[in-house]
Amino acid sequence: MAKVFSGMGTSHIPAVGAAIDHGKQGEDYWQGYFKGLEPARAWHAQNRPDVVIIVYNDHASAFSLEQISTFTIGVSDKFLPADEGYGPRKVPVVQGHPALAWHLVESLVLDEFDMAISNNMPVDHGLTVPLSVAYDAPAEWPVKVIPLCVNVIQYPQPTAKRCHDLGVAIRKAIHSYGEDINVSIWGTGGLSHQLQGERAGVINSDFDTVFMDNLVNDPIANTKLTHADFIREAGSEGIEMIMWNIMRGAMAPKVEELYRFYHVPVSNTAYGLQILKDSE
Amino acid sequence: MAKVFSGMGTSHIPAVGAAIDHGKQGEDYWQGYFKGLEPARAWHAQNRPDVVIIVYNDHASAFSLEQISTFTIGVSDKFLPADEGYGPRKVPVVQGHPALAWHLVESLVLDEFDMAISNNMPVDHGLTVPLSVAYDAPAEWPVKVIPLCVNVIQYPQPTAKRCHDLGVAIRKAIHSYGEDINVSIWGTGGLSHQLQGERAGVINSDFDTVFMDNLVNDPIANTKLTHADFIREAGSEGIEMIMWNIMRGAMAPKVEELYRFYHVPVSNTAYGLQILKDSE
Amino acid sequence: MMTEVAPENDFESIPGTYVQDAAHYQNGYGLNMFCMSLNNAENRAKFKADEAAYIDQFDMSPAQRSAVLERDWLGMLQLGGNIYYTFKIAAFDGLNMQQVGAKMSGTGMRFEDFQQMMLNGGRPIDGNRYKGESDNG
Amino acid sequence: MMTEVAPENDFESIPGTYVQDAAHYQNGYGLNMFCMSLNNAENRAKFKADEAAYIDQFDMSPAQRSAVLERDWLGMLQLGGNIYYTFKIAAFDGLNMQQVGAKMSGTGMRFEDFQQMMLNGGRPIDGNRYKGESDNG
Ligand SMILES: [Fe+3]
Ligand SMILES: [Fe+3]
């Protein structure tokens, strides 16, 4: 049977992708940030799952206001980098895993999650930047990927609790998949940031730290946050943090934190990264 | 506050729309059928809600295999009849009710239903035939409509229980809507029919009768039916009956059956119609 | 699919029925997307002008291609077609659901017989719940 | 909306923030759909060739139209724009998120000041949770 191999939370800031794509890692602005990634990348080089479920949001790339689904699973065998307005990122095509993706869909719908299925879903920085964070710039991504796209833009987003519960159901689905493979799950987006309005630039490091602490020690506390809590405390785009709850829900009740890195600022955002492993 | 005015179950067979559109109601084949509609139409003429939530499925008209959502609410102010392969039906444009539709979306997502939202959703016979059943062929439809589109084509469809529970949550949402309007809900599709394969034409009147009896007296019994139960007993397209469970869930625990009409065959399908009202 | 089917969702035992599950979805994707394209009047005109050329735009197997061109209604289902999609071809041909129903029966059933079967109350469910129970007649 | 806001979802009290709720969705639909169209290189070329003519294709109010043509970043948000969408125009102009951030601050803040504010740890949350608490500075 398949098993849950590891979890990771990471912001998916487009500027990180641009810095890698344009070789800026050595610049003053970026040095401290990329140094902080090194232990994570070393860990990922040694600890490679077969498939990663990447929980992310689309940023007006694949999906528009015309059709907004709360949770969408990509069931294709490949996902092209999206043109987000300045041509697609020159990164490898993302290879899917249709068999596990369909198993997830079946298990989740029978468990009363009202999933959407997509067979044509170009993936934007929300999904490809986390791959760059973990694996830098290889000729091919070293893992297969199942994109799980969450509506975090249009109110009402799914609740923090619903996201955690979806993670729990994903864990059950992974454990009922018949092939002996390792499956990791990444929650992406956040941490605190507000891109828009007169309050643009707001950062709340205390909130971010408590959120990451809770992910380790008290994940249920993070399920009690309301939409207004996230928007008020973590900024209007900070609500992306609900996607970390999906990742956490898919881990065991007790986890070990293997690595944490927090860096302010990256562009207009507080960058956070956390690697989790089920406790024995 | 808004209230639930009435419920109706009705098949949405395209041949019924064609018979009305092409003036065939007087033909031998159709006379018995349209005679059976008369009491329902008389009731609808006297009992007109402000808005009808029509629970239906799309038949490869607005949505393809590219993007399949479990539950989709149409939030536009109008919905055009879809071209299903032979030009759109010449029926009035369907007028939406964006304010109530958005209220439903908000209430349902906060209640942990993972809705999809659509702003561009041509509507096919699944939605327009029930309007023709109730109102014949007026110059304008006499009610506003909120389309609630359910995936009944791609396995896994939502479970019969999930559909009932969605109805219960819809009732709660209607009751928390601040305007004093009457809202009806129609569950459409079914009853037993199989359009495809060597078993095409299968009809199971006993199953249909028990299902309609249970809708009145024991709706929970209908939530225990599995996907295989529907497909085996009611035919592969009989699984559309799960949409009647959504309608029933939105009614009070105790209901009165105002009218029932059952007729075999209409095209390849068992036609059923049932009008329900909350018991006092 | 590398997954165990929940026993209550054993569709394999149902006779003469092609359930739209994941495998069916994957097999029939290109075929069904072609069918759906016939919702558009311009596309119908192109298909009418040159069927073979038109379907070459879609990702379909040679067997699916032939099934479409030969109007092998049962074959299309067996190759991943879904009736809600393949019926777009029937609408294009001016056929109704009972005519297609007869053709899918796989027994050379005539339209008139199918029509009469429906008037008699439809194909009986008794004997048609499980494979091997009967001849689906 | 004829509906009561759950008290925990009172967004109105948050300063300098345009939440993408139902009203915002409805107001900004055409504007945001225009922005999204810039994902396509051909559309970008058309917009570049004649901005005013290009945006006439979209269902936008005169105020939205002017806000786009004048690059009134805050105005676009106030008229229903969503930053994930309006940023497509910034990308088109070759602006980065901090440059747009400064322009949206509504205080004539210079890019260099915005940049320095971020280097100093971002705009402080204290004093910026509720309207009237401070000047959002
Ligand atoms: Fe994001
Ligand atoms: Fe139907």
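Below, read A as the first sequence line, B as the second, and so on, with proteins coming before strands; counting in each chain starts at 1.
Nearest approach of D/Met104 to A/Leu195, heavy atoms of both residues: CE-O, 2.7 Å. Nearest heavy atom pair, residue D/Met117 against residue A/Gly201, reads CE-CA, 4.3 Å. Across every non-hydrogen atom of D/Met97 and A/Asn268, the tightest pair is O-ND2, 3.3 Å. Taking both residues in full, the closest heavy atoms of D/Met33 and A/Ser64 are given as CE-OG, 3.5 Å, listed atom of the first, atom of the second, then distance. Nearest heavy atoms, A/Tyr86 versus D/Ala91: CD2-CB, 3.4 Å. Shortest non-hydrogen contact noted between A/His59 and D/Lys88 is O-NZ, 3.2 Å.
Neither the backbone nor the side chain of A/Gln157 has a heavy atom closer than 4.5 Å to any heavy atom of chain D. Within the 4.5 angstrom heavy-atom criterion, atoms from both the backbone and the side chain of D/Asp21 approach chain A. Neither the backbone nor the side chain of A/Phe207 comes within contact range of chain D; no heavy atom of the residue lies under 4.5 Å from a heavy atom of that chain. Using a 4.5 Å cut-off between heavy atoms, D/Gln115 does not touch chain A at all. Residue contact with chain D, scored on non-hydrogen atoms closer than 4.5 Å, involves the backbone of A/Phe63 exclusively. If you measure heavy-atom distances from A/Leu225 to chain D, you find no contacts under 4.5 Å at all. Interface residue D/Leu77: only side-chain heavy atoms are found under 4.5 Å from chain A. Residue D/Ser37 does not touch chain A at all, counting heavy-atom pairs closer than 4.5 Å. Proximity to chain A involves both the backbone and the side chain of D/Leu119, based on heavy atoms less than 4.5 angstrom apart.
In this structure the side chain of D/Ile14 reaches within 4.5 angstrom of the side chain of A/Ile231, judged on heavy atoms. Two residues are said to be in side-chain contact when any heavy atoms from C-beta on lie closer than 4.5 Å; D/Val100 and A/Gln196 fail this criterion.
The residue among A/Ser61, A/Ser205, A/Ser236, A/Pro14 with the most heavy atom pairs within less than 4.5 Å of chain D is A/Ser61.
If you check the side chains of D/Tyr84 and A/Glu84, you find no donor sitting under 3.5 Å from an acceptor. Side-chain contact check for D/Thr17 and A/Arg232: no donor-acceptor pair (N or O, by modelled atom type) lies under 3.5 Å.
In this structure, D/Arg129 contributes its side chain and A/Glu233 its backbone to no donor-acceptor pair below 3.5 Å. Side-chain atoms of D/Tyr18 never come within 3.5 Å of backbone atoms of A/Gly197 as a donor-acceptor pair (strictly under, hydrogens ignored).
In this structure, D/Phe11 has its ring center under 6.0 Å from that of A/Tyr155.
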